[in-house]
2 protein chains.
Amino acid sequence: MDDRTTKSRIRDAAIHRFGEVGFERATIREIAADADVSPGLVLHHFGSKAGLREACDEHVVASFGASRAEMVETGTTDPFATLAALREEEPHLRYLMRALRDGSPAAARLFDEVVRESEAMTALGVEAGILRPSEHPHDQAVLLVAWQFGALALAEHMARGFGVEPFSDEMTARVGRAALEVLSHGVFADTRYEDAWRRLDEAADVTPADAAEGESE
Amino acid sequence: MDDRTTKSRIRDAAIHRFGEVGFERATIREIAADADVSPGLVLHHFGSKAGLREACDEHVVASFGASRAEMVETGTTDPFATLAALREEEPHLRYLMRALRDGSPAAARLFDEVVRESEAMTALGVEAGILRPSEHPHDQAVLLVAWQFGALALAEHMARGFGVEPFSDEMTARVGRAALEVLSHGVFADTRYEDAWRRLDEAADVTPADAAEGESE
DNA sequence: TAAACTATTGAACATGCGTTCAATGTCAGA
DNA sequence: TCTGACATTGAACGCATGTTCAATAGTTTA
C-alpha cells in the first residue's frame, strides 16, 4: 500500500528514472510501470513528457531550496556540511546530477542560486575569520560551485578512482578529506604560478568589469 | 573541396554532432547530411551508430593522448597549461565534455589515464619543490581531475556565471585566475576544519587501505 | 437518484529512428 | 574489355516512442 497520491507517485517514479538513466533514455511506459499505472495516466496528469520533467524539476529544486534554507537558519557556513546533508536525499541528488549533465533548465536555475548563496555565505565566513578573503569573490564562488557540482556529476568516475561505491559513506569521507586538504593549503608550494599569471593578467588587462565583450577575434 | 577521405569526414561530422547535442540526440541522418553523404554510407563504414561512437571515441582519445604525450616530453607540470593547450582542439574538447556527461566508456578510460598521469606529474612537481606534498596523493589526483573535468562538463554554467561565452579566451582567463588563487592559498583561513575532520577520521578509522569494503550497513 | 466531473485504462496513431538491402556507380587489375 | 571489389545511394522495414482518444469506473454534487 502506498498512501501517497497517484500523481506524486508518478512524479517520484519519474524522478527516480530520470535520475537513473537520464531524461532521453527514460520512457513514459517504464515510469508508468514503476508507478503501477497506465502510460495514458501519466500524460493525463502532466500533459507531456516535458511537463513531467518540469514538475520533477520544480519538486527537486524546491526540496533542495528547503534544506538549504534550513542550513542558512542554523548558520552552517562550510560547503561540506551541505554535501553531507544532501546525501540524505539520494534520489533527488541523483536527479540533480543528471539534470546537470543533461543541461536541464532547472539545473541552471539551481546552479545560479547556489552561486549566489555561496557568495553570501563566503562573505560571512570571511567576516568571521574562517575563510580567506578572495580577490575575486564572485569568480571564486562560481568556480567552487562548478567544482562541487562537477564532482557530483562525475561521481561515477571518482568512485571508480577511489575504488568505492558511488554515493557511499566511504566516498563522502574520501572526497571530503581530499577536498579539505586542498582547500586548506592549496596544492602549490609557493605563489610563483599565481604571480606569473597576475603579470600576464595585468598585461592583457583582463578585469571582471569589461568581461562581457571579447576584444580579440 | 575536401581532401580528407570520406570515412574521416563522416567521423569528424559525427564528433562535431555528438559533441554539440550528445550521442542520443544526434541522428545518423543529420551526421550524414553534415558530411554530404547518404545515411546508408555511414552504416556501411561504421557498422552501426555504436560503432561510429567507438570510432569517434578512439580518435578523440588518441588525439588527446598525443598532445598529452607531447606535454610530458616538454616537461609541463602544471594542469593549467594543459587546459590552455586543450583549447586548441575545441571540437574534440566539446566531444570529451559530452562524453563525460553521457557516461561514455571512452570518457572513463580517459579519466583514469589522466588521473594516473596527473599523479605522476604531481610527484615530479613535489620533487621539484613546486607542489606541496599531499597526505593522500592518489585521492588528491582523483579529486583534482574530477574538478577539472567537472568544470569542463559544466562549462555552460560557469560561462553563464561569469557572463562570458563558453570556450572563450575570456573564460579560460577567469577560470585560470580563480583556480590559481584557490590552489595557491586554499579558501580556509586556518586548518580548524581540516583538524576537525582528521579527528573524525581517526575515530572512524577510515583509511585508504580498507576503502574497498563498507563495514557499516 | 441523476448528473457532472475526475481518474484511469487500453488500444490505436503518427513519427522518427537505426538499420537493411537491392541497385548503381567507380575504378583497379587480369 | 571483362571482372570483381568497393563506394554510394535511396527506398523500404521494423521498432520504440510520445501522444491521442474513446470508453469505463469511481466519486462528488445538485
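Within every chain, numbering begins at 1; the chains are lettered A, B, ... in the order of the sequence lines, protein sequences first and strands thereafter. Only this structure's heavy atoms are used, side chains among them; waters, hydrogens and symmetry mates stay out.
Looking at which nucleotide of DNA chain D each of A/Gly47 and A/Glu30 is closest to, the 5′-most match is held by A/Glu30.
Within the 4.0 Å cut-off from OP1 or OP2 of C/dT8, at least one side-chain nitrogen or oxygen of A/Thr6 is found.
A straight line from CG of B/Asp36 to P of D/dG10 spans 12 Å, rounded to a whole angstrom. One can place CG of B/Leu43 at 9 Å from P of C/dG18, the figure rounded to the nearest angstrom. What separates NE2 of B/His44 from C1' of D/dC6 is a distance of 6 Å, to the nearest Å. Between the CZ atom of B/Phe46 and the P atom of D/dA7 there is a distance of 12 Å, rounded to whole Å. In this structure, B/Arg9 atom CZ and D/dT8 atom C1' are separated by 12 Å, rounded to whole Å. The nearest whole Å value for the distance from the CZ atom in A/Arg17 to the P atom in D/dT17 is 11 Å. Atom CD1 in A/Ile31 sits roughly 18 Å away from atom C1' in C/dT8 (whole-Å rounding). The interatomic distance linking A/Lys49 (NZ) with C/dT15 (C1') rounds to 15 Å, in whole Å.
Of the candidates C/dT19, D/dT19, D/dT9, D/dT9 carries the atom nearest the B/Leu41 side chain, counting heavy atoms from C-beta on. Relative to the side chain of B/Ser38, the nucleotides C/dT19, C/dT9, D/dT9 differ in distance, and D/dT9 lies closest. When distances run from any side-chain atom of A/His45 to the nucleotides D/dT9, C/dA7, C/dG18, the shortest one goes to C/dA7.
For B/His16, the NE2 atom counts as loosely surrounded, since its 6.0 Å shell holds 12 or fewer non-hydrogen atoms of other residues, nucleotides or ligands.
At a cut-off of 3.5 Å, with distance as the only test, no side-chain donor of B/Thr122 or B/Gln140 sits close to an acceptor on the other residue.
Residue A/Thr27 is classed as a sugar-phosphate contact, given heavy-atom separations below 4.0 Å to backbone atoms only. In this structure, B/Ala26 reaches the sugar-phosphate backbone alone: every heavy-atom distance under 4.0 Å involves primed, P, OP1 or OP2 atoms, never a base.
For a distance-only test at 3.5 Å, the side chain of B/Arg29 fails to qualify as a donor-acceptor partner of the base of C/dG16.
Distance NE2/B/His92 to CG/B/Asp12: 6.0 Å, rounded to 0.5 Å. The line from CZ of B/Phe111 to OG of B/Ser118 is 9.5 Å long, rounded to the nearest 0.5 Å.
Of all the heavy atoms in A/Arg109 and A/Asp57, the pair that sits closest is NH2-CB, 4.5 Å.
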